Each structure stands twice: as structure tokens, then as C-alpha cells.
Amino acid sequence: MKRWEDKSWTRAMRIMLDFSGMMADAVGHRHGLTVEQVNSMEHAFEAVHKHLKQQRRAGHLPFYELPYDDETLKVVLKAARKVVKRCENFVVLGIGGSALGGIALFRALRHPHHNLMPQAKRKGLPRVFFADNIDPEGFSALLNIVNLEKTVFNVISKSGGTAETMSQFLIVRNKLIRKLGRKRHTAHIIATTDPERGYLRAIAREQGYETLPIHPGVGGRFSVLSPVGLLPAAVAGIDIEELLAGARNADKTCKQGRLWKNPAGMNAALQVLAYTVKKKPISVMMPYSDALRDVADWYRQIWAESLGKRVDLRGRVVHVGPTPVKALGVTDQHSQLQLYMEGPFDKVITFLTVEKFRKTIKIPASFSHMDGIGYLGRHTLNALIQAEGEATRSALTQARRIHTVIKLPEINPFTVGQLLFLLEVQTLYAGGLLGINPLDQPGVEAGKQLTYGMMGRKGFEDRAQMIALKPQGIKRYRIAV
Ligand code: PA5
């Protein structure tokens, strides 16, 4: 029996939303919310919930079904087994939603120095890299350290035409062909893309690359539980079955139609109230865990791209959207906290905490004659990080700063699956409550089209004209250093 099939284990592994720090009882009425204010969102929540339920039933929200897709799971596991058998390095080429989910999973659920460990210590698993930028220095440095003969490149692009990813692909393909020849190079590329459409799909068909599908209705930032995130995770040795079981578990509670029973709905309502009623335009996510730091990066994208919109559902210009910021506990206590404590009252903070870390490390008792150092020796780093987190939250409460806490009993695929699914559903609810479409990204598409125009892609010439690199008649203000 898998451990997620054991009811008492899954009960013990449930993550918890604690929003005491959002309430007027804790921080006063000026910044905190009253129960009446939270209740005032009930009708709007129920309407959004009903709409999403209908959309889901009609098959318009396929990301909801990813945790139940056993067929894709089998295909991914098979592909991962093949990769693990024959390669030393697995390199993901992708950007935005095609990279951030995989990065978050890898950081949360693998050894933090997985790639630095000798192969035997990695249990024969490949090193896993994510190339999510096109900085020529960064990309060439990565290509310099992987032996192409022992490397598989996973090109991930839903649209199959994103300039950054396709440029990386063209560079890699060229190198592979030069080194291994036209025939052999195909075994070193796996394309994850739309099942039918797009250039990458067409190229994969023509070249004979192995492919994995991204459901046409699943957008990049909602694709972490599709082959986009699952293949890199499985190659890295992460138990993706447990991850999906965690997401299914979260789905059960996120299906609840009552606001006070639905953690995704409640957190969305709290965030929207903080943004609209309490005028907090900045939404910080601050994990007290190195392993969860890239979950905050992933959240930054899903929150920003989903909620940052020019028009609402009725077509009115609204320019809406909270600004997501990531911070890391305890590191950023020494960088950001001063601002959060004493700066403007413009933030709502979501803390991610871990009750039981996977390691315990004792601080040795030394210099006991020095009061300012000796006290540390009676403790563990675990106790220190917990104490600092609690002290920070309590100090913020005293300074009347609002915050929620998402508590993970421990970090494992089951809890991370719950967390990611919760945040995805929360984003949909928040979009509904703000009256915008959280599933499109016209701003990102516009940026892509301007790039195509500037790089001379046929059909996008007019876009190039919109950007004049040396605008005529516009005065420049510059100072050289
Ligand atoms: O979430 C999104 O839709 C975007 O961030 C995309 O994932 C990103 O632009 C990459 O697109 P694609 O997967 O089509 O290459």
C-alpha cells in the first residue's frame, strides 16, 4: 500500500491555512478584517464557485483534471525511466509556465545540491538543469558543462513558437547534429507541447522526436501537474504519483461550496479584500524554507499573469492586479523585514511554514561563558528557524501588518501537491472575485509579438514599427558613469 492510501497518514499530512493574522482581532480594525467583512464575500464566492464548477463540468478547465490523468502518468513514468537509463544530464529548455513549475518541484523535493553529488549518491539519477533564460553567457556556460552524448534535452513549449525556447532548441539541435549526426541526434530531444498545433509539434513529427502532450486547454502557469512539470520531476526521482495524490486531496476541500470550508476560496477572498478594501497592492510570499523558495517564484508568476489585467469581464478598463513579491525566511529578515515592519501599510504577507524539517541539526554548545553566544548551544537550527518565524509574525502583528500562514506538516510530494493545487484554485477564485479572466495573458502575447516583429518574423512587420529603437524627436536623458 502506498502511504497516501493510508487515511491516518493523509490526515496527518494535510496542509493548513491559518488566517488569524488577517483579522481585526489581531491587528485592529484599520488594517484587519472583521468576520462581517469576510462574510460579505460569501455571495460573490458562491457565484464564482458555481461558475467554475459549471466550467469544470463542461471540460473548460482541464487543469483541474490533471491529478486524475492516469494515462498521462503512465506515459510520463515510462519516458522518465528511459531517460534515467541512458543519460547523465537532463536539460529543460522552457520559460515562464514551461519552466517555473518544474523548478519549484525540483527545489522542493530533491536534495538541494543534487547536481553536485556524484552519480552513485544520486542513485544513478541524471543531473537536472533548467535553462529558462537566453542570456548568452548563462546558456553557453550550461552547454559547456554537459556532455552532449549523455544529455537529453526536454524542449517545453505549449505554443511551440516562443522565441526564447525555440532559439535554445535551434542552438542545441545544431550542436547535437554536429556532434552525433542527423540520425542519432533525435534520441537526445523530447518535445513537450500541444498535441496537434504549433511549430514544435510539426518539427517533432518531421524529425521523429519523442513527444509528450500538453492539453490544449491547460495554460503554461497551470501546467505544473501536466508532463511540463511531471517529466522533469520524475527524471529527478520525485514520486509524482504521491504529488498527484496530494493535489487530489486538495481538490476535495477546494470543491467545497461554502467559503468557510474552502481554503482556496477563503485565501482568495482574503487577498481580494486586502487588495480592494484594505488597499494593500502588494502580496508577498515568504517561505521559511529553502526548499519552498521557488514555490514563491512560481506563485509570483501565477498571481501576476493571472490577475494583472487591463480589462474586466465586461470589457471595462480596470488596470487591476496585486503585485506579487517573493521573500525568503529567515534570509530576508535581514533584507526586507525592516520595510515590512515600518514602511507603508501596503502589503499582505503569505508565510509558508514547515512543522517538521527533513533534517535536524544541533548547534554545538561552545563559548558558554559568553552570554551572547552560549545560549545558542542548547538548541537546533530547526528551533532557531521556527523561533525566528514565530517572532517575525508576532512582531508584524504588533505592528498591525496583515498576514496568513500556510502550514505544511513536512515537505514531501503529497504536501507540495496540495500546496500547488491550492494556489492554482485560489488564483482562479481571486480572478473571479476581481471580475477578470485569470486564464488569458494578452500582455505576455503582445510582448512575444513585438519580439517576433523586431527579429524579422514574417507577418509581424507592423509590430516592429511599433517599437522604434531610436525614437525620432524624443530627447534622451543620460549620464555615463
Ligand atoms: O503561463 C504562461 O502562459 C506563460 O508564462 C507561458 O508559459 C510562457 O510564455 C511560455 O510559453 P510556451 O510554453 O508557449 O513557450
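By convention here, the first residue in the shown sequence is residue 1. Keep in mind that what you see is a predicted model, and the values were worked out from it rather than measured. Whatever order the structure lists ligands and atoms in, that order sets their numbers, starting from 1. Both backbone and side-chain heavy atoms feed into the values below; hydrogens, waters and symmetry mates do not.
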[atom]: the protein heavy-atom neighbour that sits closest, reported with distance to 0.1 Å:
atom	value
atom 13 (O) of ligand 1	Ser98 OG, 2.6 Å
atom 8 (C) of ligand 1	Ile95 O, 3.6 Å
atom 14 (O) of ligand 1	Ser159 OG, 2.7 Å
atom 4 (C) of ligand 1	Glu305 OE1, 3.5 Å
atom 9 (O) of ligand 1	Lys448 NZ, 3.1 Å

Could you tell me whether some N/O pair between Thr162 and ligand 1 is separated by less than 3.5 angstrom? yes
Under 3.5 Å between any N/O of Gly97 and any N/O of ligand 1: does that happen in this structure?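 By distance alone, the answer is yes.
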Please compare Gln301, Met166, Arg221 and report which has the shortest non-hydrogen distance to atom 3 (O) of ligand 1. Arg221
So does Pro126 get a backbone contact from the side chain of His114, meaning a donor-acceptor N/O pair under 3.5 Å?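 Here the side-chain-to-backbone pair exists.
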Do Lys309 side-chain atoms and Asp440 backbone N/O form a donor-acceptor pair below 3.5 Å?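 Here the side-chain-to-backbone pair exists.
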Is the His49 ring parallel, tilted or perpendicular to the Tyr429 ring (thresholds 30°, 60°)? parallel
To the nearest 0.5 Å, what is the distance between CZ (Arg248) and SG (Cys254)?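 It comes to 14.5 Å.
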Quick check for you: to the nearest 0.5 Å, what is the distance between Asn154 atom CG and Ile189 atom CD1? 10.5 Å
Would you call Glu424-Arg221 a salt bridge at under 4.0 Å N-O? no
